[in-house]
Amino acid sequence: MTLQEKLDPFLKDMQSCIEKGQYYAALTVALTLPDICASLDKNYFGNPAGERYENWMNQYFIHQNNYDQSLNAKDFYKLRCAYIHAGTDNISKKSNPILSRVRFTYGSNAIHRVGIQYSTENIFVLYLPCFCQEMRNSVIDFIGDSNDNQNITKNYEKITTLLNTDDSFII
């Protein structure tokens, strides 16, 4: 299996979740893809996990998707931790003293990359389908850059593969 074949199920499931209205699941996949990718080359992206995540986001996501003036890699890591571990959208004021939350929207009115002040909170709004597409494009760029990386080639086989019991399979 290639790296593309190992990561395709995540990308396809993220898109499928958006199409079927399973937005929380799509957000979970989108926020964890940088973890999966960065973990394949800890020598390059670093240790611990937060450092790896932020380094990957800086290399493949922030600038490429024009987040330079709004959210940084640390903001996204704080959001990932808050959402994955506690189901919240609060980001630490230490990483960004201006913002307190990142909210995701869906539906026919696409609101993307808009800052809103609500009561005492400064909220940054992202349109989930756009965010997922941006993450998909960043992962595809990562795959393209990783073809000749021996650390990644050695480690991508460790990515979980689900087995369909309706098909014959070898464990």
Problem set entry | Over 12 foreign heavy atoms within 6.0 Å of CG, Asn47 | yes

For this session: May I have the step-by-step check of side chain to side chain contact (heavy atoms under 4.5 Å, CB included) for Leu71 and Leu79, ending in yes or no?
Result: CA-CA 10 Å; Leu71 295 172; Leu79 176 63; over 6 Å; no

Exercise. Are more than 12 heavy atoms from other residues, nucleotides or ligands located less than 6.0 Å from atom CD of Glu157?
Worked result: yes

Exercise. Which heavy atom of Lys6 sits nearest a heavy atom of Ile159, and at what distance?
Worked result: NZ-O, 2.7 Å

For this session: Hey, could you give me each pair passing salt bridge (Lys or Arg N to Asp or Glu O under 4.0 Å) that has a residue in residues 45-56? Not counting sequence neighbours.
Result: Glu54-Lys74

Exercise. If we only count heavy atoms from C-beta on, is the Phe142 to Gln59 side-chain gap below 4.5 Å?
Worked result: no

Exercise. With Tyr53, which of Cys81, Cys37, Ser39, Pro34 fulfils side chain to side chain contact (heavy atoms under 4.5 Å, CB included)?
Worked result: Pro34

Problem set entry | Gln69, CD atom: more than 12 neighbouring heavy atoms under 6.0 Å | no

Exercise. Looking at Pro129 and Thr105, what are the two nearest heavy atoms and their distance?
Worked result: CD-O, 3.9 Å

Exercise. Taking only residues two or more places apart in sequence, or in another chain, which ones meet Phe10 in a ring-ring contact (aromatic ring centres under 6.0 Å, His included)?
Worked result: none

Seminar exercise, completed: Taken in chain and number order and not counting sequence neighbours, the residues that satisfy side-chain contact (heavy atoms from CB on, under 4.5 Å) with Gln133 are Gln15, Arg136, Asn137

Problem set entry | Enclosure of Asp148 CG (heavy-atom neighbours >12, cutoff 6.0 Å) | no

Problem set entry | Salt bridge flag under 4.0 Å for residues Arg103 and Glu121 | no

Exercise. Is the backbone N or O of Lys12 less than 3.5 Å from a side-chain atom of Ser16, with the two atoms forming a donor-acceptor pair by type?
Worked result: no

Seminar exercise, completed: For Tyr127 and Gly107, the nearest pair of non-hydrogen atoms, with its separation, is OH-O, 2.5 Å

Exercise. Once the angle between the rings of Phe76 and Phe61 is folded into 0 to 90°, is it parallel (under 30°), tilted (30 to 60°) or perpendicular (over 60°)?
Worked result: perpendicular

Problem set entry | Polar side-chain atom of Thr2 near backbone of Glu5 as donor-acceptor pair, under 3.5 Å | yes

For this session: Please report the closest heavy-atom contact between Gln64 and Asn58, naming both atoms and the distance.
Result: OE1-O, 4.4 Å

Exercise. Do you see a donor-acceptor pair shorter than 3.5 Å between the side chains of Tyr60 and Asp145?
Worked result: yes

For this session: Could you list the residues that satisfy ring-ring contact (aromatic ring centres under 6.0 Å, His included) with Tyr156, not counting sequence neighbours?
Result: none

Exercise. Does the side chain of Val102 reach to within under 4.5 Å of the side chain of Phe104, using non-hydrogen atoms?
Worked result: yes

For this session: Look at atom NE2 of His63 and say whether more than 12 heavy atoms of other residues, nucleotides or ligands are closer to it than 6.0 Å.
Result: no

For this session: Using distance alone, with no hydrogens and no angle criterion, decide if Asp8 and Gln4 have a side-chain donor and acceptor under 3.5 Å apart.
Result: yes

Exercise. Under 4.5 Å between any side-chain heavy atoms of Val139 and Ile36, yes or no?
Worked result: no

Exercise. Does Asn65 use its side chain to pair, donor to acceptor, with the backbone of Tyr67 at less than 3.5 Å?
Worked result: no

For this session: Indicate yes or no for a side-chain donor-acceptor contact from Glu134 to the backbone of Ile62 under 3.5 Å, with no hydrogens or angles considered.
Result: no

Exercise. Which atom names give the shortest non-hydrogen contact between Asn72 and Asp75, and what distance separates them?
Worked result: OD1-N, 2.8 Å

Exercise. Quick one: does Tyr44's side chain get under 4.5 Å of Asn151's, heavy atoms only?
Worked result: no

Problem set entry | Nonpolar side-chain network containing Tyr118, other nodes, edges under 4.5 Å | Ile111, Val114, Ile116, Ile123, Val125

Problem set entry | Pairs flagged by ring-ring contact (aromatic ring centres under 6.0 Å, His included) wherever residues 11-30 is involved - sequence neighbours left out | Tyr23-Tyr106

Seminar exercise, completed: Cys132 and Ala26 have their tightest heavy-atom pair at SG-O, 4.0 Å

